[in-house]
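Report on one structure; see the data block that follows.
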Amino acid sequence: MPRFDSLGLVTAIATDRASGRLLMLAHMNAEAIARTRETGMAHFWSRSRQSLWMKGETSGHVLRVIEMRVDCDQDAIELVVDAAGPACHTLAQSCFYRRITDDGSLERIDV
């Protein structure tokens, strides 16, 4: 098991199996990890709603987990996934679709 923080959470990132693209960042608790392992679909812990959720549960844009990896400090998880549609709730392919420019503004980029 990874090393959970004081709230019982670990940071999780999802990357696309085919492209290696970073798709999203979320948090997992022990239950989310267990449900992900049981079902093969990415589950996360919502800090704002204080509840477990499955990615794509309502949109259909699920993340099928191919592999779960833990980093060297055991405080982050990478989910290597096959995505069934956009990963971001904005319908962008990745949640990381903006960059910070030199003047500090945000610029939309194609990812």
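Throughout, numbering of the chain's residues begins at 1 and tracks the sequence.
In this structure, the side chains of His89 and Met24 stay at 4.5 Å or more apart for every pair of heavy atoms. Using a 4.5 Å heavy-atom cutoff, the side chains of Arg108 and Tyr97 are in contact. Ile33 is listed as a side-chain neighbour of Ile77, based on a closest heavy-atom distance under 4.5 Å. Side chains of Arg98 and Ile109 form no contact here, defined as non-hydrogen atoms less than 4.5 Å apart. Two residues are said to be in side-chain contact when any heavy atoms from C-beta on lie closer than 4.5 Å; Ile100 and Leu106 meet this criterion. Proximity of Leu79 to Ile66: side-chain heavy atoms (C-beta onward) are nowhere separated by under 4.5 Å. Using a 4.5 Å heavy-atom cutoff, the side chains of His61 and Leu91 are in contact.
The two residues Leu23 and Leu63 make their nearest non-hydrogen contact at CD1-CD2, 4.4 Å. Considering every non-hydrogen atom in both Asp16 and Ala83, the closest pair reads OD1-N, 4.4 Å.
Between Lys55 and Glu57, none of the side-chain N atoms (NZ, or NE/NH1/NH2) sits under 4.0 Å from a carboxylate O, so this pair counts as no salt bridge. Using a 4.0 Å cut-off between a side-chain N of Lys or Arg and a carboxylate O of Asp or Glu, Arg64 and Asp82 qualify as a salt bridge.
With sequence neighbours excluded, the residues satisfying side chain to side chain contact (heavy atoms under 4.5 Å, CB included) with Phe96 are Leu22, Leu25, Ser94.
Other residues, nucleotides and ligands place more than 12 heavy atoms under 6.0 Å from the CG atom of Asp103.
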